[in-house]
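Note that this is a predicted model, so its numbers are computed, not measured. By convention in this document, chain letters (A, B, ...) are assigned in the order of the sequence lines, proteins followed by strands, and residues within each chain are numbered from 1. Values reported hereafter were calculated over all heavy atoms of this structure, with side chains retained and with hydrogens, waters and symmetry mates removed.
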2 protein chains.
Amino acid sequence: MNPNRKQEIINTAAFLFKEKGFNAVSMRDLAGHLHIKAASLYNHISSKQEILAVIVLQIAEEFTAHINLIYPEDLSTTEKLEAIIQNHIAITLKYTNELACMNNDWMHLEANSKNEYRRLLNAYEAKFRAILQEGKDKGEVEDVDLEIVVFSFLTTLRTLYVWYAKKSSVEVETLKKDLPKALLHGLILKDS
Amino acid sequence: MNPNRKQEIINTAAFLFKEKGFNAVSMRDLAGHLHIKAASLYNHISSKQEILAVIVLQIAEEFTAHINLIYPEDLSTTEKLEAIIQNHIAITLKYTNELACMNNDWMHLEANSKNEYRRLLNAYEAKFRAILQEGKDKGEVEDVDLEIVVFSFLTTLRTLYVWYAKKSSVEVETLKKDLPKALLHGLILKDS
DNA sequence: TAGCTCAACTAACAATCGTTAGTTTTGGCA
DNA sequence: TGCCAAAACTAACGATTGTTAGTTGAGCTA
């Protein structure tokens, strides 16, 4: 009933889910990390499923909110894509565990939450695709297959946490500067 | 004892692991899809762990073999990267289930197999990094942070299966042509 | 045809799972 | 200080897990 305690449980769960996967974390594991017994968790949450749903949908809604903000703005395609990249970096840094959990364990949501997640995901991809299409129409974006670009771009952004978790060697500032460069402007020098 | 039957079991397992994740697939599930009882599986395999290890390490070794072949060849950086991209596409098409399983469930390997997997993964990344470094030294590759490029490149290639599974709309030939283009030559026109 | 081997089977095990019911402890407020 | 609610506890449930032991039947070989 104490909302702070509930949040502690969810945060700890997100950490463990990232580490071992939803199904490999038992309620007794989770309780142990909070130094209580499994049954005590149920004073604060209603089920293991609820924990997963909160974690996943919270992050998914954060992404949705941001792209809904950017999408209608009067910016160039490059500027919109830059803003999206920076948002992914920011969320990755702030919600590493939850993001990992969303990417790996959304499939274990029960039907209703899973549908909601899929709805948010599809809406996000659709807006992203529309931004790119606009860029192609304006001649701002290279003539490559749209779906392929949507895929490679979003895949990279979505899994930023994997690599960032193990390489704190790269400074955040370098990331913010060079990731957009790598994604937007390519790898091979044009004159080579 | 019949090796064909063993392979059938492993293939079916790979399909189910991709679909639901290693821990969410029970031996009774797996047996059911083969129209036998769970206990009968143990005439052919020694444990659930063995199935996972075979699936994961088989694919990991295939990637290792290919990069060991490409690495010392007398090719430009662009050509080597192209060859690597084409190999990822080929393996994605041929071993979709196994690849998904490797990416999602390697963490559930027991200690020995997990260490072996990590060893292969690190060796692969190291060779890939070396190829890029060579490209930078020769002035063939843009001056962006090496780790960031390694990451975004490999992430995209590794998760090709996710996107390819749901979009058969994109032709294989388009993929083979436009994915290298997107990864190597960037998105934004240079003169915009 | 007799015998052997492989691959299926039934039955059961100990362990662990998420969750519930009912009880005790704790800490802040009257 | 006594009360009350919040949050911990113990104990247990039914279900499911991976796996083993022992058995049965089918098909090939001698």
Donor-acceptor pair (no angle test) under 3.5 Å: A:Asn43 side chain, D:dA8 base: yes

Phosphate OP1/OP2 of D:dG18: any B:Lys48 side-chain N/O under 4.0 Å: yes

Nearest to side-chain heavy atoms of A:Lys37, which nucleotide of D:dA21, C:dT19, D:dT10: D:dT10

Any A:Ser40 side-chain nitrogen or oxygen under 4.0 Å from OP1 or OP2 of D:dC9: yes

Distance, rounded to the nearest Å, where A:Leu41 contributes CG and D:dA8 contributes P: 9 Å

A:Tyr161 ring center near A:Tyr95 ring center (under 6.0 Å): no

Spacing between B:Asp29 atom CG and D:dT19 atom P, to the nearest angstrom: 14 Å

Spacing between A:His35 atom NE2 and D:dA7 atom P, to the nearest angstrom: 19 Å

Sugar-phosphate only, base, or nothing, as touched by A:Arg28 at under 4.0 Å among non-hydrogen atoms: base

Whole-Å distance separating the CD1 atom of A:Ile36 from the P atom of C:dT25: 18 Å

Ion pair check, B:Arg119 and B:Glu125, cut-off under 4.0 Å: no

Ion pair check, A:Asp105 and A:Lys18, cut-off under 4.0 Å: no

From A:Ile84, A:Ile85, A:Leu81, residue fulfilling side-chain contact (heavy atoms from CB on, under 4.5 Å) relative to A:Leu183: A:Ile85

Salt bridge present between B:Glu50 and B:Lys6 (N-O < 4.0 angstrom): yes

Phosphate-side-chain proximity, A:His44 and D:dA6, N/O vs OP1/OP2 below 4.0 Å: no

Nearest listed nucleotide, side chain of B:Ala39, among D:dT19, C:dT10, D:dA11: C:dT10

Spacing of B:Arg5 atom CZ relative to D:dG27 atom C1', expressed in whole Å: 16 Å

Nearest-Å distance for atom pair CD/C1', residues A:Glu8 and D:dA8: 14 Å

Euclidean distance, atom CG of residue A:Leu30 to atom P of D:dA8 [Å, nearest integer]: 12 Å

Sugar-phosphate, base or nothing in reach of B:Ser26, heavy atoms under 4.0 Å: sugar-phosphate

d(CD, A:Glu50; P, C:dT19) in whole Å: 10 Å

